[in-house]
There are 2 protein chains.
Amino acid sequence: MYLSIDFNSDEAIYLQLCNQIILGIAMEQYREGDPLPSVRQLADNIGINMHTVNKAYTVLKQEGFVKLDRRRGAVISLDVDKIRSIEELRRNMQLLIARAICKNISREEIHQLVDEIFLEYLGE
Amino acid sequence: MYLSIDFNSDEAIYLQLCNQIILGIAMEQYREGDPLPSVRQLADNIGINMHTVNKAYTVLKQEGFVKLDRRRGAVISLDVDKIRSIEELRRNMQLLIARAICKNISREEIHQLVDEIFLEYLGE
DNA sequence: ATGTTGTTATATAAAATGTATAACAGATAT
DNA sequence: ATATCTGTTATACATTTTATATAACAACAT
């Protein structure tokens, strides 16, 4: 479990946690059913407060990446609401592509970037 | 100048302004050299504070989308630092794609989405 | 001169973020 | 049973971010 937090980042700690865990799932470091560290363990490990980790886990639960269980703690559990996910992806992608167009980045360059990232994640 | 602000959004007003203006540039509603409304005009128009608009304009300047001029106000002016822009795009795209993979969205579906958005923006 | 720019300063209020303790109920292992 | 581990909830506090409210300034246009 390699979670590196940048305390000087302008990004909130709990969001950094969310993003890195989602990256870990995408890169198949974590799989369905795998447990995450308990909020107290992870907080101690990183050197932050328990509630910051708890907030990250709560967001991940809300967004359908983990389930929280009093017995086993936080467990990777993917709830795939594909329609909703694509809607959200489209909204965010629109903003990224708008910025890209303003910076003279072409459609082809974006396609290539997408392929590179998929290769990096899945070797696909 | 259609700028619609959602006051109930969790997204900060000045960021909504930034994003909509960048969308406007990408969709070629605004072109290089076009003036934006003055901070006071736009603030009055929307019904928000002058400084909120000023912050949006300052961020847009910082990110190379406009130049600010005491004479003419804010003017669309694209500073294209392509290398830096691609780095930023890659970082953000990595997060989007990680989320997409977790939600069983395929590489092909993302390519299609990119094409749809380009069509929407540029008819390209 | 008057009015418009962006800019800067100060002050205030609300919300978001992160920390610090503490306690609770459910589950597990001994 | 007891101790220990879960997530959960509550309270309190400090800091930062966000947004507003006034006010004034220098540069420029008419």
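In this text, all values refer to a predicted model and were calculated from it rather than measured experimentally.
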- Message: Give me each pair satisfying ring pair (Phe, Tyr, Trp, His ring centres under 6.0 Å) with a member in residues 7-28 of chain B, each pair once, sequence neighbours excluded.
- Response: none
- In residues 7-20 of chain A, what residues come within less than 4.0 Å of DNA chain C, judged by heavy atoms? A/A12, A/I13, A/Y14
- Item | Set of residues satisfying salt bridge (Lys or Arg N to Asp or Glu O under 4.0 Å) with respect to B/K61, sequence neighbours excluded | none
- Residues passing the side chain to side chain donor-acceptor pair (under 3.5 Å) test with A/E11, sequence neighbours excluded, are A/N19
- Contacts of A/H111 that satisfy ring-ring contact (aromatic ring centres under 6.0 Å, His included) - sequence neighbours left out: B/H111
- salt bridge (Lys or Arg N to Asp or Glu O under 4.0 Å) involving B/E88 - partner list, sequence neighbours excluded: none
Check: residues 32-43 of chain A side-chain donor-acceptor pairs under 3.5 Å, at least two apart:
from, atom 1, to, atom 2, distance (Å)
A/E32, OE1, A/L78, N, 3.3
A/E32, OE2, A/L78, N, 3.4
A/D34, OD2, A/R31, N, 2.8
A/S38, OG, A/Q41, N, 3.1

- Query: Between which nucleotides of DNA chain C, 5' to 3', does chain B make heavy-atom contacts below 4.0 Å?
  - Reply: C/dT5 to C/dA9
- Query: In dot-bracket, 5' to 3', how would DNA chain C read with Watson-Crick or G-U wobble pairs under 3.5 Å, [ ] for crossing ones and | for pairs to another strand?
  - Reply: ||||||||||||||||||||||||.|||||
- Message: Going by side chain to side chain donor-acceptor pair (under 3.5 Å), name the residues that satisfy it together with A/E87, two or more places apart in sequence or in a different chain.
- Response: none
- Message: Test of understanding: with salt bridge (Lys or Arg N to Asp or Glu O under 4.0 Å), list the residues that count as partners of A/D79, not counting sequence neighbours.
- Response: none
- Pairing residues for B/K103 by the side chain to side chain contact (heavy atoms under 4.5 Å, CB included) criterion, not counting sequence neighbours: A/F65, A/S85, B/I105
